[in-house]
Amino acid sequence: MYISATPPRDYPTTSSELPPPHSFMAAPQIPNLNTLRRGRGPGRGTGRVENGRGHPIGKDRVVQGTDNDASVSRMSAVELGYLNDPYAAALTPPGSATRRFPIINRGTYVRTTAIDQLVARFLGSYSPKSKKQIVSLGAGSDTRIFRLFSTRQSPDIIYHELDFAVNTATKIRAIRSTPSLQQALGLDPSGDSVTVSEAGDALHSPSYHIHPLDLRSVSADSSLSETLPGVDRKLPTLLISECCLIYLSPTEATQVVSFFTEHVFGPSSKPTAAGGDTQEGLQAPLGLILYEPIRPNDPFGRTMVSNLAARGIQLQTLHKYASLEAQRSRLREHKLDSGQAAVDIDFIWDHWVSEEEKERVASLEMLDEIEEWRLLAQHYCIAWGWRDGSDASAFDGWKAIEAQPDI
Ligand SMILES: C[S@@+](CC[C@H](N)C(=O)[O-])C[C@H]1O[C@@H](n2cnc3c(N)ncnc32)[C@H](O)[C@@H]1O
């Protein structure tokens, strides 16, 4: 039961506490464990100019800028010892490092390690004969690819990252100028196995692809080889949306997931044994992990939503997928029907983190605001679902994970 609607303490609660319109922030204070921060950054105006498809460019910039907040939060958690991530610094904008509040650091820790666990269970142990594929939507400056590739003997994974061109170009610049990122990927930038587009916003190598793509532009008519070169339609594949689809409208978010479930990884045709004819219905095993805010309708959630609205920000799918059950239904509706589960961050801290690890994390810095932590953590969830498709064992690693009963 929620005992107070008190928002985390650096959320302004009235419009008079908001920064003046001319100093609205490039990266808004979205109620995100990743983005809540101590100070208010410098602003950037939001114009009304639209891109080619009617989306205001100013709003897009705000959404693109949320990645800076994500990288700063990651860096804060790394510097304090919550996470071990030697690649975070290279992907954090220079001079932007800031120490986040303890509840935010703990949130970054729980969400990152929980998604890491789901990814590790999907990938299983190294096996060059059974390649798997990961497609990260709105990957931004995420470091998971570097952490994964540096710890597996050889890439038995094909990893794709998608984001707006402005963000993919930033990441590619960081990779080009940082030998440790190249080494983690096993890339030789002067070799011919890596190609970078002329605009510097797309990168292709045998195991790693960065695609500059506005997800709102994909449709069933999109040519796969042009839109997502290097995607293998037949491999067991994991889609990850770590705080990305929440920025799309419900229709757009549904279209993006359907693009992958029905079009990219939809039923394929293969020659029958007799030759000639084709046999429909073979689908690659496919899973989806979502990390998103939930529960906008209780007092705490309402305060967060109204703070955002005052900044012109609407997390449009938040009301549609407001509960753990709504997230599970969403996965079922996308025919990820072999299994689905959803847990909030509070549950993960309680049930997935060992007592020893809890003690280690608790010793890193003082966290007095236990009630505030629990409230915040109950407003973010991780949901996952999968379909077995052509390989009933591809998601075996997910079958025994402890999930949360409805509350
Ligand atoms: C909060 S950041 C999260 C970044 C990363 N997933 C992480 O968790 O560290 C949201 C990311 O989604 C990306 N994004 C949002 N809408 C998008 C769209 N329509 N097309 C491509 N990327 C999008 C943003 O540019 C941004 O990099």
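Just so it is clear, the values below take in all heavy atoms, side chains as well, and ignore hydrogens, waters and symmetry mates. Order of appearance sets the numbers: ligands from 1, and atoms from 1 within every ligand. Note that the structure is a prediction, hence the values are computed from the model and not measured.
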**Student:** Given the side-chain rings of Phe300 and His379, with only the six-membered ring counted for Trp, is the space between their centroids under 6.0 Å?
**Tutor:** yes

**Student:** Taking only heavy atoms of Tyr247 into account, list the atoms of ligand 1 that are under 4.0 Å away from them.
**Tutor:** 1 (C), 10 (C)

**Student:** Within the 4.0 Å heavy-atom shell around Ala70, which atoms of ligand 1 are there?
**Tutor:**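 By the 4.0 Å cutoff, the relevant atoms are 9 (O).
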
**Student:** Can you list the atoms of ligand 1 that are under 4.0 Å from a heavy atom of Cys243?
**Tutor:**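 That gives atoms 1 (C), 10 (C) of ligand 1.
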
**Student:** Which word best sums up how the rings of His351 and Phe347 line up, parallel for under 30°, tilted for 30 to 60°, or perpendicular for over 60°?
**Tutor:**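 Taking Phe347 first and then His351, their aromatic rings lie parallel (interplane angle under 30°).
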
**Student:** Could you tell me, atom by atom, which parts of ligand 1 come under 4.0 Å of a heavy atom of Thr66?
**Tutor:** 1 (C), 2 (S), 10 (C), 26 (C)

**Student:** Contact between Tyr208 and Ile157 at the side-chain level, heavy atoms closer than 4.5 Å - yes or no?
**Tutor:** no

**Student:** Below 30° counts as parallel, above 60° as perpendicular, anything between as tilted: where do the rings of His204 and His209 land?
**Tutor:**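 Taking His209 first and then His204, their aromatic rings sit tilted (interplane angle of 30° to 60°).
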
**Student:** Heavy-atom contacts with Gln64 under 4.0 Å: which atoms of ligand 1 show up? List them by number with element.
**Tutor:**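 In order of numbering, the contacting atoms are 25 (O).
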
**Student:** Let me confirm one number: the NE2-CD distance from His211 to Glu161, rounded to the nearest 0.5 Å.
**Tutor:**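 Atom-to-atom, His211:NE2 and Glu161:CD are 9.5 Å apart.
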
**Student:** Within less than 4.0 angstrom of ligand 1, does Glu252 place any heavy atom?
**Tutor:** no

**Student:** Under a heavy-atom criterion of less than 4.0 Å, does Asp60 contact ligand 1?
**Tutor:**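 Judged by the 4.0 Å heavy-atom criterion, Asp60 does not count as contacting ligand 1.
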
**Student:** Do other residues, nucleotides or ligands put more than 12 heavy atoms under 6.0 Å from Glu402 CD?
**Tutor:**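 Atom CD in Glu402 is crowded, with more than 12 foreign heavy atoms closer than 6.0 Å.
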
**Student:** Look at atom 6 (N) of ligand 1 and find which of Gly138, Gly140, Ser141 reaches it with the closest heavy atom.
**Tutor:** Gly138

**Student:** Taking the side chain as every heavy atom from C-beta outward, state whether Arg176 and Arg173 have any atom pair closer than 4.5 Å.
**Tutor:** no

**Student:** Report, in ascending order of atom number, the atoms of ligand 1 lying under 4.0 Å from any heavy atom of Leu213.
**Tutor:**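 Answer, ordered by atom number: 20 (N), 21 (C).
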
**Student:** With heavy-atom distances below 4.0 Å as the criterion, list the atoms of ligand 1 near Leu248.
**Tutor:**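 The list of qualifying atoms is 16 (N), 19 (N).
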
**Student:** Can a non-hydrogen atom of Arg111 be found less than 4.0 Å from any atom of ligand 1?
**Tutor:** yes

**Student:** Can Leu162 be said to touch ligand 1, with heavy atoms closer than 4.0 Å?
**Tutor:**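 Heavy atoms of Leu162 never come under 4.0 Å of ligand 1.
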
**Student:** What atoms of ligand 1 come closer than 4.0 angstrom to any heavy atom of Ala139?
**Tutor:** 4 (C), 5 (C), 6 (N)

**Student:** With a heavy-atom distance limit of 4.0 Å, tell me whether Asp163 approaches ligand 1 through its side chain, its backbone, both, or neither.
**Tutor:**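 Looking at Asp163 and ligand 1, atoms from backbone and side chain both fall under 4.0 Å.
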
**Student:** Parallel, tilted or perpendicular: which one describes the rings of Tyr109 and Trp349, with boundaries at 30° and 60°?
**Tutor:** perpendicular

**Student:** Can a donor-acceptor pair be found, under 3.5 Å and without considering hydrogens, that links the side chain of Ser393 to the backbone of Asp396?
**Tutor:**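 No; judged by distance alone, with no hydrogens or angles, the pair does not exist.
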
